[in-house]
Amino acid sequence: MDQPYSAERIEREAQDYWETQQSFVVREDPGRPKFYCLSMFPYPSGRLHMGHVRNYTLGDVISRWRRMEGKLVLQPMGWDAFGLPAENAALQNGVPPARWTYDNIAYMREQLKRLGFGYDWSRELATCRPEYYRWEQWLFTRLYARGLAYKATAPVNWCPTDQTVLANEQVVDGRCWRCDTPVERREIPQWFLRITAYADELLADLERLPGWPERVLTMQRNWIGRSEGAEIEFAVDGREPLKIFTTRPDTLMGVTYLAVAPEHPLALAAAAARPEVARFVAASRVAQTAEAALETMEKHGVDTGFFARHPLTGRPIPIFAANFVLMSYGEGAVMAVPAHDERDHAFARRYGLPMTVVIVPEGHVGATEDLIRDAAYTQPGVLVHSGEFDGLSSAVARERIIAALAARGAGTARTHYRLRDWGVSRQRYWGTPIPIINCAHCGAVPVPDADLPVVLPEDVVPAARGGSPLKARADFLAATCPRCGREAVRETDTFDTFMESSWYYARYCSKDNQQAMLDERAAYWLPVDQYIGGIEHAILHLLYARFFNKLLRDEGLIGVDEPFTRLLTQGMVLKDGSKMSKSKGNTVDPQALIASYGADTARLFMMFAAPPEQSLEWSDEAVAGAHRFLKRLWALGGAIATLGRHSALAPDQALRREMHRLVDQAVRDYERYHFNTVIASCMSLVNLLQRLAEDAAVKPALGPLAWEGFGLVLRLLAPIVPHITHVLWRDLAMGEGAIIDAPWPAADPAALVQEEITIVVQVNGRRRGEVRVPAASTSADVEALALADAGVQRHLEGRSPRKVVVVPGRLINIVA
RNA sequence: GCCCGAGUGGCGGAAUGGUAGACGCAAAGGACUUAAAAUCCUUCGACCGCAAGGUCGUGCCGGUUCGAGUCCGGCCUCGGGCACCA
């Protein structure tokens, strides 16, 4: 401790201690309160980035803090190891995705260890290992048996030059990122999980997640998008009727056309007869699948020449083919009410289609056409031009119109979800093989349990063109139909990587079990008490994980309804105001930070620079500032060591009160997860203790107070900067064991008692002074003192108070 | 286009509807030093004033309230998500 602060030495000593003591390896103990703290596992991209450092520091701070509070803490770590970047890397350097991934994991594991995170490494898992994904395959076959997995067609981005499916990310401005060819939309058969069967429960259970940020709950609610409406059948002369869904059955009498997808049988039939429809259908193939692209593209259409019959009036309604209608959503057809829907309005204008106003605001006078001159009228209102429904409100009309449809067998009330079933097929190599054998006679047959896992060959280097390399692997492809025993071929599609990340939180509990997916240990640890990750996962990952939890529950594998009790969504790490990214060239490598300042400085900076949920602006100067604080803390330890530890004299009460006030503040801020203000309080404590240590040289009675304060601040800082506090605690012999096992501190309530307090005095809401009053003063006492104040009298300018508002213990406002 | 957030000193940020700017960074001045670095001390929202003190100030416009950074309505800008990046 006489030596200057050396992060490298200190951090090695602390980490050696945790390693030899196996400090973070945990076993279930039903007699103790458990705390499962989980950070979203990383994709092994090669090196940690600042977002990881922030995420994992937050998780580690919470874990260590709960442990000091007396909880049995599980904090595991693993690797979300399947995914597209490994294939992209393979294209660049010819290394198999497996090799690249395992090398990355090895490097990043060392980085995590160097940062001092308290993980139970005995539970480490990588999702690309057969012993992990075999259970995912097993679960899929169970879901298939229960009808929760099924096959249907869905659109993909297709590059006609490379003859391959592109991810949305690989489509740039509507073109292939490699060869610049305009991307086409293709409908191909794919596997789906029936998440919509759980839509109601996924929506309802959001109410049972008070530990989640409100904005995430709102986003999920909107994403699921439950809406009440009607399913309506429009008869088509000489063809199958069209089934459509609408949330606005009250506008039914205003329907002036229908629109079908370009791939719809009706559009294809029209294309055979009319060249302009054929041209339109062909042109519509050049399109993307992303919703953002779909919503912002030019809306085009063409008259198919077919007519539908209005279900109530029998009036003929023209049917258009339109590029914004997708075949795979619903029935591939929509009804259009241009007077009351923005998109229909714009489309009708473009093609000179009629608009009929059927809803007007209550009390509307004048021509109804004026209502929709510039835009559709989308609010509810009163019905007009709707025959027998005229004069009804939108709400009543919905019921009546649905009843009228039902009476004719042409429609029914229906609940609809924006949420769509989850397409889990990927036409890629580096993923979990879908455990299906395609037999010419029996169709898609699930692989029997005894034949699982279906192992992905790891010696493959994928190519840019031509789709999955598994199609060229005879050893992988060849299979025998489990049902009829004839020759068959294995499914070559792999799972969406969101599948693996949807249940890893449970597998950590039973990681070594080769006989079952999960066991009783999962029952002990689940649910996760605290989950921590980026806000960018607010919808997809978190919704899929919630869905999987319910699937696992319904398979009898776990007992809880929701996987994550509390959720912390951390903000991004920015530099110069924007997200760090290779393309922007504004990245800062955490490795350099660790090398020059050490893990504690990195952790301290990350926790101090912003509250967890906000974005964090990178600053080299602020990092240096964090390091400076650690040097001061170290030097303070040296100064404290020279002071007397015991004294018969009473400590300075005012100083002790200030000390415990700061401790109290820090403890409260831990509860709120405001680690930046925890650190602010600790800095104030260190400032106070520095002055105190100087004064103690001449006033020995201050020695014990300095020791007390230092013991408190070390423990408050221990979760954030565990290395330096470990060594200082040990070298100053602050307690029996290591600081990681020391009890969590609390402010001494006796020290916090004040005899006199300061009350702020306002006149008409503006601060005009303050008065010192005994802590036990009544409102009347405070008012009398405030009114006697010279400054108050001056600002009253002779007026008498009309009203006096007293906030006990804080403030008095005199209104004159 | 749709859904969800965020905007406070030169900078990061603090503030259960109750003293706006805690804590830190940067900057300026000073101490120590032959000098520099390191360290320590002081000042630090804008404007008026010698001072006491006062006025203005939390993206913009409006509202609720004794009192609004905080609540409500409308805008602007930036960020996240939009189902095949993870």
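Every chain is numbered from 1, with letters handed out A, B, ... down the list of sequences. Quick note: numbers below take in every heavy atom, side chains included, and nothing from hydrogens, waters or symmetry partners.
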A:N88 side chain N/O closer than 4.0 Å to the phosphate oxygens (OP1, OP2) of B:rC85? no
Geometric class of the A:F324/A:F347 ring pair [parallel <30°, tilted 30-60°, perpendicular >60°]: perpendicular
What nucleic acid atoms does A:H795 come within less than 4.0 Å of, heavy atoms only: base, sugar-phosphate, or nothing? sugar-phosphate
Reckon A:V815 touches a base, only the sugar-phosphate, or nothing at all at heavy-atom distances under 4.0 Å? sugar-phosphate
Please confirm whether the ring centroid of A:W191 lies under 6.0 Å from the ring centroid of A:F495. no
Starting from the C-alpha separation in whole Å, work towards a yes-or-no answer on side-chain contact (heavy atoms from CB on, under 4.5 Å) for A:R546 and A:Y198. CA-CA 10 Å; A:R546 292 183 58 223; A:Y198 285 79; over 6 Å; no
Pick base, sugar-phosphate or nothing for A:E621, based on heavy-atom distances below 4.0 Å to the nucleic acid. sugar-phosphate
Return whichever of A:T758 or A:W422 has its heavy-atom-nearest nucleotide of RNA chain B closer to the 5' end. A:T758
Does A:Y544 have its ring centroid less than 6.0 Å away from the ring centroid of A:W422? yes
Just checking, is any N or O donor in the side chain of A:T289 or A:N168 under 3.5 Å from an acceptor N or O on the other one? yes
So does A:R810 have more than 12 non-hydrogen atoms from other groups sitting under 6.0 Å from CZ? no
Residue from A:E187, A:E184, A:Q427, A:R185 passing side-chain contact (heavy atoms from CB on, under 4.5 Å) with A:V156: A:Q427
What nucleic acid atoms does A:R668 come within less than 4.0 Å of, heavy atoms only: base, sugar-phosphate, or nothing? nothing
Using a 4.0 Å heavy-atom cut-off, does A:A609 contact any base of the nucleic acid, only the sugar-phosphate backbone, or nothing at all? sugar-phosphate
Give one of base, sugar-phosphate or nothing for A:Q170, where a contact means two heavy atoms less than 4.0 Å apart. nothing
Taking any heavy-atom pair under 4.0 Å as a contact, classify A:L419: base, sugar-phosphate, or nothing. base
Classify the nucleic acid contact of A:M572 as base, sugar-phosphate or nothing, counting any heavy atom under 4.0 Å across all strands shown. sugar-phosphate
Tell me the interatomic distance from A:N813, atom CG, to B:rU65, atom P, rounded to whole angstroms. 15 Å
Examine the base of B:rC84 for any acceptor or donor lying under 3.5 Å from a partner atom in the side chain of A:Q190, and report the outcome as yes or no. yes
Pair partner, B:rA20 [Watson-Crick or wobble, under 3.5 Å]: none
If the cut-off is 4.0 Å, is A:H674 near the phosphate of B:rA15, judged by side-chain N/O to OP1 or OP2? yes
Any side-chain N or O of A:N676 less than 4.0 Å from the OP1 or OP2 oxygen of B:rG12? no
Under a 3.5 Å limit on both distances, the Watson-Crick or wobble mate of B:rG49 is none
Just checking A:N687: base, sugar-phosphate only, or nothing, at a heavy-atom cut-off of under 4.0 Å? sugar-phosphate
Check nucleotides 40-51 of chain B against the protein and report each pair of N or O atoms closer than 3.5 Å, with its distance, or say if there are none.
none

Hey, is the side chain of A:R426 poking within less than 4.0 Å of OP1 or OP2 on B:rC84, counting only N and O atoms? yes
Pick out the pairs of N or O atoms, protein on one side and nucleotides 3-6 of chain B on the other, that lie under 3.5 Å.
from: B:rC3; atom 1: O3'; to: A:N222; atom 2: ND2; distance (Å): 2.8
from: B:rC3; atom 1: O2'; to: A:N222; atom 2: ND2; distance (Å): 2.8
from: B:rG5; atom 1: O2'; to: A:R215; atom 2: NH1; distance (Å): 3.2

OP1 or OP2 of B:rA20 sitting under 4.0 Å from any side-chain N/O of A:R766? no
